Amino acid sequence: MKAVFNITLPTSWDKLTDKQLHLVYSLFASDFSSEEIKTICLLKWNGLKILSALQYSRFIIKSGRRKVILTASQIQQATTTLGFLDSIPQMPVRISRIGKHRAVSACFEQLPFEQFILIENLFQGYLKTQENNLLQQIAKVLYRSDIVKADKAHLIGIFYWMAAIKQYFAREFPNFYQPASNDSSNLLGTPQTNTYQQLRDTTNAMIRALTGGDITKEESILKTDTWRALTELDTLAKEAANLRKLSKK
């Protein structure tokens, strides 16, 4: 039995379909190792099935009506294409729908700023507590439904989506997305109090920066597009940094 069939695999996160993403996240929720996950994906996405194991780390693989023998090293070499699964996506990706509920834009375009603040606070809370109900609440916002039913795979997908969007925004808005400090001149600088107080302080700092302290503008700011708000915050952060540099001269 000579291995003659071709194997095709996606080469990046953004090449994965909803079904493929759900499988990956389902496997992440299990106790499988990274190599086991890649092997399972390789087999399922190419319609392959392991019939039996042979000596010397060889396996009889069925593809349609054909049967071939592959070695463990051949399988491992093929799965290197899926190495991207070991990292957070460079660009935000998400399962586009859960049931009949469609997700917002992967990059949060046209997402109201007040919703961004909400999910950002929920995500920070999750990072501190690891409570899945916080990811469930994020799912309700991102899939625009209070009755969306997210399974474990969907929740892991939410986590990867949020982690990717934070990395993406850090690249897009590098002046604003700086590590928080105790410096009051930093837009995100807040004392290291309890988590929820810190989140409230950070949220209030963003709103004050955007409204210039004019509370009559708060409602319109919260309704504005997330990208527009973050662009303005990034500009304000850059201006604040330049002023600090000038003051030190």
Side-chain angles (χ1 to χ4, degrees), residues 13-14 16-34 37 40-41 44 84-170 177 180 188 190 193-207 221-227 229-230:
W13 280 101
D14 61 299
L16 299 179
T17 65
D18 277 7
K19 187 175 180 179
Q20 289 172 328
L21 281 171
H22 192 271
L23 172 62
V24 169
Y25 295 141
S26 296
L27 295 173
F28 283 174
S30 68
D31 292 326
F32 292 114
S33 69
S34 174
I37 289 172
I40 293 172
C41 290
K44 285 187 174 293
F84 64 88
L85 295 178
D86 293 329
S87 304
I88 297 295
Q90 286 295 303
M91 292 293 293
V93 296
R94 86 284 195 248
I95 296 174
S96 64
R97 59 189 298 167
I98 298 178
K100 64 180 181 180
H101 308 294
R102 292 190 175 276
V104 302
S105 163
C107 292
F108 288 3
E109 284 123 342
Q110 299 183 338
L111 180 75
F113 188 53
E114 62 182 343
Q115 292 186 6
F116 169 75
I117 291 175
L118 172 59
I119 60 178
E120 171 69 8
N121 286 345
L122 289 170
F123 188 61
Q124 291 299 327
Y126 172 77
L127 293 177
K128 293 288 185 180
T129 66
Q130 302 295 299
E131 293 182 5
N132 280 339
N133 69 300
L134 296 174
L135 293 180
Q136 288 278 7
Q137 292 180 54
I138 294 175
K140 291 179 180 180
V141 178
L142 294 182
Y143 287 87
R144 297 174 175 173
S145 171
D146 288 334
I147 60 173
V148 64
K149 296 181 179 179
D151 59 23
K152 288 183 178 180
H154 292 131
L155 294 183
I156 290 178
I158 293 291
F159 174 84
Y160 269 74
W161 185 2
M162 289 297 299
I165 199 75
K166 288 180 72 65
Q167 290 187 2
Y168 180 52
F169 281 170
Y177 275 90
L188 288 180
T190 55
T193 57
N194 68 74
T195 301
Y196 298 105
Q197 180 64 47
Q198 191 173 345
L199 291 174
R200 284 196 297 271
D201 290 346
T202 299
T203 298
N204 288 333
M206 288 191 293
I207 295 174
I221 288 297
L222 292 174
K223 299 296 182 184
T224 197
D225 175 71
T226 290
W227 273 75
L230 291 180

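Everything numeric in this text was worked out from a predicted model, so none of it was measured.
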Worksheet entry | Within-4.5 Å side-chain heavy-atom neighbours: Ile158 and Val141 | no
Discussion item. Looking at every heavy atom in both Lys140 and Asp146, which two are closest together, and how far apart are they?
Written reply: CE-O, 3.6 Å
Worksheet item: Angle class for the Phe84/Trp13 ring planes (parallel below 30°, perpendicular above 60°, tilted otherwise)?
Response: perpendicular
Worksheet item: Could you give the distance from CZ (Arg144) to CG (Leu111), rounded to the nearest 0.5 Å?
Response: 7.5 Å
Fill in: Which atom of Gly125 lies closest to which atom of Leu134, heavy atoms considered
C-CD1, 3.4 Å
Worksheet entry | Contact check, side chains of His154 and Asp151, non-hydrogen atoms, under 4.5 Å | yes
Fill in: Over all atoms of both residues, closest heavy-atom pair of Trp161 and Ala103
CH2-CB, 4.0 Å
Item to complete: Using the side chain to side chain contact (heavy atoms under 4.5 Å, CB included) rule, take Tyr126 and Asn133 through it: C-alpha gap first, then chi angles, then the decisive distance, then the call.
Response: CA-CA 9 Å; Tyr126 172 77; Asn133 69 300; over 6 Å; no
Item to complete: Measure across Phe113 and Ala229 and return the closest heavy-atom pair with its distance rounded to 0.1 Å.
Response: CD1-CB, 3.5 Å
Item to complete: Could you tell me whether the side chain of Met162 reaches within less than 4.5 Å of the side chain of Leu135, counting heavy atoms only?
Response: no
Discussion item. Tell me whether Gln115 contacts the main-chain N or O of Pro112 through its side chain, where contact means a donor paired with an acceptor under 3.5 Å.
Written reply: no
Worksheet item: Between Phe169 and Tyr177, how do the two ring planes meet: parallel, tilted or perpendicular, split at 30° and 60°?
Response: tilted
Worksheet item: If you look at every heavy atom in Cys107 and Tyr168, which pair is closest and at what distance?
Response: SG-CE2, 3.7 Å
Under 3.5 Å, sequence neighbours excluded: what are the donor-acceptor pairs made by side chains of residues 88-98?
residue: Arg94; atom: NE; partner: Val104; partner atom: O; Å: 3.1
residue: Arg94; atom: NH2; partner: Val104; partner atom: O; Å: 3.1
residue: Ser96; atom: OG; partner: Asp18; partner atom: OD1; Å: 3.4
residue: Ser96; atom: OG; partner: Asp18; partner atom: OD2; Å: 2.4
residue: Arg97; atom: NE; partner: Gly99; partner atom: O; Å: 3.0
residue: Arg97; atom: NH2; partner: Gly99; partner atom: O; Å: 3.4

Discussion item. Could you measure the distance from the CG atom of Asp225 to the CZ atom of Phe108? Nearest 0.5 Å is fine.
Written reply: 12.0 Å
Discussion item. Could you measure the distance from the CD atom of Gln20 to the NZ atom of Lys44? Nearest 0.5 Å is fine.
Written reply: 12.5 Å
Worksheet item: Tell me the salt bridge (Lys or Arg N to Asp or Glu O under 4.0 Å) pairs involving residues 108-119, sequence neighbours left out?
Response: Glu114-Lys223
Discussion item. Quick check for you: to the nearest 0.5 Å, what is the distance between Thr224 atom OG1 and Phe116 atom CZ?
Written reply: 13.0 Å
Discussion item. Working to the nearest 0.5 angstrom, can you tell me the gap between Ile119 CD1 and Leu142 CG?
Written reply: 4.5 Å
Item to complete: State the CG-CZ distance between Leu23 and Phe28, to the nearest 0.5 angstrom.
Response: 10.0 Å
Worksheet item: Which of parallel (below 30°), tilted (30 to 60°) and perpendicular (above 60°) describes Phe123 and Phe159?
Response: tilted
